[in-house]
Participant: 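Supplied in structure tokens, the structure appears directly below.
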Number of protein chains: 2
Amino acid sequence: MPDSPEKQAPESQGQDEQQEQPPRRRQARGERRIIQLLEAAATVFSTTGYTAASTNAIAREAGVSPGTLYQFFPNKEAIAIELGDRLMHEMRDTYGEALAPIDPVTPLEEAVGAAVERFIDFNCQHPVFFALMHGPDVPGRITEAHDALHSTLHSRIEGLLSSFLPDASPADLTRTAHMCLGMYKAGLELALAHEGAEREAYVQELKNALVRYLDPLVGERLGRPDATTTA
Amino acid sequence: MPDSPEKQAPESQGQDEQQEQPPRRRQARGERRIIQLLEAAATVFSTTGYTAASTNAIAREAGVSPGTLYQFFPNKEAIAIELGDRLMHEMRDTYGEALAPIDPVTPLEEAVGAAVERFIDFNCQHPVFFALMHGPDVPGRITEAHDALHSTLHSRIEGLLSSFLPDASPADLTRTAHMCLGMYKAGLELALAHEGAEREAYVQELKNALVRYLDPLVGERLGRPDATTTA
DNA sequence: CCAGAATGCGAGCGACCGCTCGTGTTTGTC
DNA sequence: GACAAACACGAGCGGTCGCTCGCATTCTGG
């Protein structure tokens with residue numbers, strides 16, 4: 001691993017906020033190559049992890065030469081970053097504000113079930129996402145993106161919880177939210193490790209675990225009409 | 001990374017079960033060096049992970065030369081294996097049969113609490129253990145040890161569950177046990193990420209999550225006297 | 001005390017990795 | 001058709017890594 005060279009043109013600093021783009025015109029062929037390379041990278045990353053994946057392997061998987069790969073990406077990290085950005089974008093497009101709005105009258109089961117369902121679905125359709133987000137070896141920028149997503153989810157959960165539990169201490173709220181995220185991650189891992197009906201069963205099990213974990217906390221809330229049908 | 005050479009003397013196979021030891025006599029100094037090297041390896045592994053840890057770094061951390069390291073370990077993997085073996089041994093020594101016996105009259109809270117407490121404690125005192133066991137990049141033999149431990153824990157949990165739930169389907173039992181292990185792992189990660197009182201709070205939260213997850217399943221059991229005090 | 005084994009050293013080998021560069025091919029524009 | 005820019009190639013550069021090897025030093029048994 002050579003140290004990241006970090007050689008950038010000094011740029012005109014200070015008064016021009018768009019700092020690059022020596023007008024790099026892409027042809028249609030180039031755009032196709034980029035997609036091809038990103039797909040290859042997704043395959044290699046999700047099978048071997050980020051650090052173990054070699055750029056030569058990605059190029060080989062895409063059926064091009066190493067030089068061609070570096071025609072479109074300045075370095076290995078940029079590939080992962082671009083891949084992560086596109087996944088993040090696709091997630092927001094697909095599920096829109098699904099991870100944002102919280103309807104306080106929604107029953108707990110429904111809220112948990114919907115959120116779990118959506119995120120598990122996305123991860124099943126894009127296994128790279130899990131490899132990049134929960135991989136232990138990914139470098140700086142990806143980790144930043146991961147942390148950003150993580151803290152977004154965390155504060156969403158915290159918000160949901162505080163709407164259910166307005167009188168809980170912030171520390172308890174944070175802990176509970178972290179625990180929920182941890183359980184979600186564990187369930188995701190189990191779901192990804194299985195397929196078909198078995199996967200569905202694990203998703204259901206994750207929902208059960210989350211609801212049962214949270215239910216006692218919100219139990220004293222004003223009445224949910226049917227509290228008996230749990231399983 | 002060079003391909004693992006895998007050059008072993010053919011050995012006399014078949015009728016002699018102790019297959020090696022060209023009588024390698026160790027001096028006291030050597031034993032000390034081995035412990036020194038293993039401690040250095042523990043430090044390096046737990047800070048950088050297995051693959052990212054370089055043997056030269058381990059030797060440097062131990063204050064010896066690379067050659068000296070290879071006087072005592074045939075390769076990098078062997079260091080991790082020896083380290084893992086000693087940890088496993090120490091775990092069994094420390095907690096003895098604590099992970100074995102299941103007293104069916106023990107209340108659920110107590111059983112879960114005791115098991116969680118013990119394992120969390122061990123992991124807090126030996127952070128390497130987590131790095132080696134749940135690290136994503138560790139090679140063959142370590143993964144085998146991990147899988148062995150994992151399936152041991154899994155079958156213990158399955159046994160406990162089946163004693164509580166004699167009429168549940170095997171598939172459900174397996175799933176529930178996997179879910180418990182996943183939740184434990186998530187809680188362990190959270191506990192390791194904090195210290196002192198906050199860590200204790202996460203341990204308690206993990207116990208809560210597990211008990212609440214399992215309680216509805218064993219709820220129809222013959223009476224535990226006080227079923228109301230949950231928190 | 002001394003032969004030989006165990007221990008210790010560190011330059012360096014071979015393999016692989018991320019990445020570059022000189023060169024050749026394709027594509028768009030006039 | 002001419003020219004430049006974008007695209008493609010692949011040998012190979014500089015680097016690190018796991019690990020070796022020849023040689024010096026220290027310990028141990030007879």
Side-chain angles (χ1 to χ4, degrees), chain A residues 1-9 21-37 40-41 44-45 48-82 137-142, chain B residues 1-8 21-37 40-41 44-45 48-81 137-142:
Chain A
M1 265 172 255
D3 51 346
S4 45
E6 210 161 346
K7 45 188 169 187
Q8 293 187 350
Q21 264 68 337
R24 182 70 173 176
R25 297 173 44 241
R26 296 246 102 103
Q27 301 180 352
R29 190 174 31 153
E31 299 287 353
R32 261 182 278 124
R33 277 273 180 266
I34 289 180
I35 293 181
Q36 199 177 43
L37 283 165
V44 177
F45 283 158
T48 70
Y50 175 79
T51 36
S54 84
T55 54
N56 291 8
I58 294 173
R60 206 180 314 120
E61 172 78 23
V64 303
S65 84
T68 299
L69 186 152
Y70 282 93
Q71 192 89 27
F72 302 101
F73 298 98
N75 51 48
K76 182 179 171 181
E77 187 177 353
I79 305 173
I81 290 175
E82 179 65 26
D137 48 359
V138 287
R141 274 281 315 264
I142 300 285
Chain B
M1 269 173 251
D3 49 346
S4 45
E6 210 161 349
K7 46 188 168 187
Q8 293 186 349
Q21 263 69 339
R24 181 70 170 178
R25 298 172 44 243
R26 297 247 101 105
Q27 302 180 351
R29 192 174 29 152
E31 298 288 352
R32 261 182 278 124
R33 274 276 179 266
I34 289 180
I35 293 180
Q36 200 178 41
L37 283 165
V44 178
F45 283 158
T48 70
Y50 174 79
T51 35
S54 84
T55 55
N56 290 9
I58 295 173
R60 205 181 314 120
E61 172 79 22
V64 302
S65 84
T68 299
L69 187 152
Y70 282 94
Q71 192 87 24
F72 301 101
F73 298 99
N75 52 49
K76 182 179 171 181
E77 186 177 355
I79 305 173
I81 289 175
D137 47 1
V138 287
R141 274 283 313 264
I142 300 285

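A note on names: the letters A, B, ... follow the listed sequences, proteins ahead of strands, and every chain is numbered from 1. Note that this is a predicted model, so its numbers are computed, not measured.
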Participant: Are any of A:T68's side-chain N or O atoms less than 4.0 Å away from OP1 or OP2 of D:dC9?
Facilitator: yes
Participant: Nearest of C:dT7, C:dC9, C:dG18 to any side-chain atom of B:F72?
Facilitator: C:dT7
Participant: Can you tell me the distance, in whole Å, between the CD1 atom of B:I35 and the P atom of C:dT7?
Facilitator: 13 Å
Participant: Taking all atoms of both residues into account, what is the closest heavy-atom pair of B:F72 and B:G30, and its distance?
Facilitator: CE2-CA, 3.7 Å
Participant: Does the side chain of B:R26 get closer than 4.0 angstrom to OP1 or OP2 of C:dA6 through an N or O atom?
Facilitator: no
Participant: Does D:dT20 have OP1 or OP2 under 4.0 Å away from a side-chain N or O of B:Y70?
Facilitator: no
Participant: Could you tell me the separation between the CG atom of A:L37 and the P atom of D:dA6, rounded to a whole number of Å?
Facilitator: 18 Å
Participant: Measure across B:I79 and B:L69 and return the closest heavy-atom pair with its distance rounded to 0.1 Å.
Facilitator: CD1-CD2, 3.6 Å
Participant: Using atom CD of A:E77 as one end and atom C1' of C:dC17 as the other, report the distance to the nearest whole Å.
Facilitator: 16 Å
Participant: Could you tell me whether the phosphate oxygens of D:dG18, OP1 or OP2, come under 4.0 Å of any side-chain nitrogen or oxygen in B:T55?
Facilitator: yes
Participant: Pick the closest DNA chain D nucleotide for B:Q27 and for A:E31 by heavy atoms, then say which residue is nearer the 5' end.
Facilitator: A:E31
Participant: Select base, sugar-phosphate, or nothing to describe what B:A53 touches, counting heavy atoms under 4.0 Å on all strands.
Facilitator: sugar-phosphate
Participant: Which whole-number value in Å describes the distance from A:Q71 CD to C:dT26 P?
Facilitator: 15 Å
Participant: OP1 or OP2 of D:dT28 versus the side-chain N and O atoms of B:R25: is any pair under 4.0 Å?
Facilitator: no
Participant: So which one's nearest nucleotide on DNA chain C is more toward 5', A:R60 or A:P74?
Facilitator: A:R60
Participant: Roughly, in whole Å, what's the span from CD1 in B:I34 to P in C:dT7?
Facilitator: 8 Å
Participant: If I take atom CG in residue B:L69 and atom P in nucleotide D:dC21, what distance separates them, rounded to the nearest angstrom?
Facilitator: 16 Å
Participant: Taking for each residue the nucleotide of DNA chain C with the nearest heavy atom, is it A:P66 or A:R29 whose nucleotide lies nearer the 5' end?
Facilitator: A:P66
Participant: Under 4.0 Å between any heavy atoms, over every strand shown, what does A:N56 touch: base, sugar-phosphate, or nothing? Just pick one.
Facilitator: base
Participant: Within this structure, what is the CZ-to-P distance between B:F73 and C:dG8, rounded to whole angstrom?
Facilitator: 12 Å
Participant: Base, sugar-phosphate or nothing for A:G67? Non-hydrogen atoms, less than 4.0 Å.
Facilitator: base
Participant: Can you tell me how far CZ of B:R26 sits from CZ of B:R32, rounded to the nearest 0.5 angstrom?
Facilitator: 13.0 Å
